[in-house]
Amino acid sequence: MNLDDLVSTSAALMRQRLGARQPRIAVLLGSGWGPLAEQVQDAVSVPYSDLPAFPVLAIGGHAGVLKAGRLGAQEVIVLAGRKHSYETGAADGMKGVIRTLAALGVQVLVQTNAAGSLDATMPPGSVMLIEDHLNVVQMSPLVGEKGDSRFVDMGAAYCPTLRARAQAAAVAATGQAMPRGVYAWVLGPQFETPAEIRMLQAFGAQAVGMSTVPETILARHAGLRVLALSMMTNMAAGLSSETLSHGHTMATAQAASARAVQLLVAVVQGLETPT
Ligand code: HPA
């Protein structure tokens with residue numbers, strides 16, 4: 001089966017499971033954001049493994065399951081876990097997921113991730129609103145696509161209207177606007193060198209991470225609007241005396257997750273689906 005067929009099959013299966021639900025917002029959970037899934041009400045759970053267009057995920061836990069239901073008044077699909085490019089060397093691991101969401105009528109993709117901070121005013125635990133990105137890897141999930149639509153305009157990759165609504169919701173919920181910045185995508189899985197971090201700072205990045213950018217490109221190509229939040233789990237290499245490790249990243253993410261998830265709930269509830 002080609003990808004289009006896998007997407008059609010996955011969307012048909014999802015429509016059956018969704019029943020009367022008509023989610024227009026999907027939330028993709030990265031490291032540290034998993035507890036959001038527990039907040040979905042009247043949820044129907046679907047393992048990625050039931051959906052042939054979805055990737056097989058390497059990591060365990062609650063990853064690899066989507067939940068469709070409500071966050072307050074918003075109908076949502078919450079997706080726990082993504083395929084990372086550092087697993088395979090390919091940038092298109094989430095193509096089937098994004099295409100299936102688009103086929104279901106989802107209009108907004110809210111992405112979350114864990115990232116290293118390049119900005120001393122955003123210490124670990126901070127949540128940054130992504131304004132723009134740097135595709136440092138210079139890989140695209142659209143390689144091999146045909147037609148003019150592959151030449152996607154990335155001038156407003158992170159929807160200005162959604163960003164304004166997210167900030168308004170953050171201010172209402174916490175009394176403060178979120179720090180904003182540019183997210184640089186690196187391939188990983190190794191962390192950066194201090195020299196690479198100085199380069200990214202010179203490039204204008206405030207955060208660095210190993211995800212999100214391919215999905216943003218896929219979403220824009222599929223006509224979805226994108227909003228993205230980064231949880232700072234560490235100061236990037238060379239900016240603190242700490243040795244970086246996955247364990248350290250995950251421990252910080254866990255400690256910061258309750259507050260971050262509360263903020264995310266407020267942000268999602270504050271989004272009106274653009275028509
Ligand atoms: N670099 C890249 N990816 C990351 C980092 C980092 O410092 N922290 C969390 N994800």
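From a predicted model like this one, the values you see are computed outputs, not experimental measurements. Atoms within each ligand, like the ligands themselves, are counted from 1 in listed order. In what follows, every heavy atom counts, from backbone to side chain, and hydrogens, waters and symmetry copies are set aside.
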Notebook entry, point to check: Relative to the heavy atoms of T233, which atoms of ligand 1 are at a distance of less than 4.0 Å?
Noted result: 8 (N), 9 (C)

Margin query: Donor-acceptor pair, distance only, cut-off 3.5 Å: does the side chain of R24 make one with the backbone of G105?
Written below: yes

Next item on the list: Could you list the atoms of ligand 1 found under 4.0 angstrom from a heavy atom of A114?
Entry: 9 (C), 10 (N)

Checklist line | Which of the ligand 1 atoms, numbered from 1, are nearer than 4.0 Å to a heavy atom of E192 | finding: 1 (N), 2 (C), 6 (C), 7 (O)

Notebook entry, point to check: Which one holds for N234 and ligand 1: side chain close, backbone close, both close, or neither close, with close meaning a heavy atom under 4.0 Å?
Noted result: side chain

Check: Of all residues at least two apart in sequence or in a different chain, which pass the salt bridge (charged side-chain N to carboxylate O under 4.0 Å, His left out) check with R163?
Finding: E131

Notebook entry, point to check: When you measure from atom 5 (C) of ligand 1 to every protein heavy atom, which one gives the shortest distance, and what is it?
Noted result: G116 N, 3.4 Å

Next item on the list: Taking the side chain as every heavy atom from C-beta outward, state whether W33 and V127 have any pair of such atoms under 4.5 Å apart.
Entry: yes

Check: What residue and atom, counting heavy atoms only, is the protein's closest point to atom 3 (N) of ligand 1, and at what distance?
Finding: G209 CA, 3.4 Å

Check: Quick one: nearest non-hydrogen protein atom to atom 4 (C) of ligand 1, plus distance?
Finding: V208 O, 3.7 Å

Notebook entry, point to check: Is any side-chain heavy atom of I130 closer than 4.5 Å to a side-chain heavy atom of N113?
Noted result: yes

Notebook entry, point to check: For G81, does its backbone N or O pair with a side-chain atom of Y48 as donor and acceptor, under 3.5 Å?
Noted result: yes

Next item on the list: State, to 0.1 Å, how close A53 and S10 come at their nearest heavy-atom pair, and which atoms those are.
Entry: N-OG, 2.9 Å

Next item on the list: Heavy-atom distances under 4.0 Å are what count here, so tell me which part of A115 touches ligand 1: side chain, backbone, both or neither.
Entry: backbone

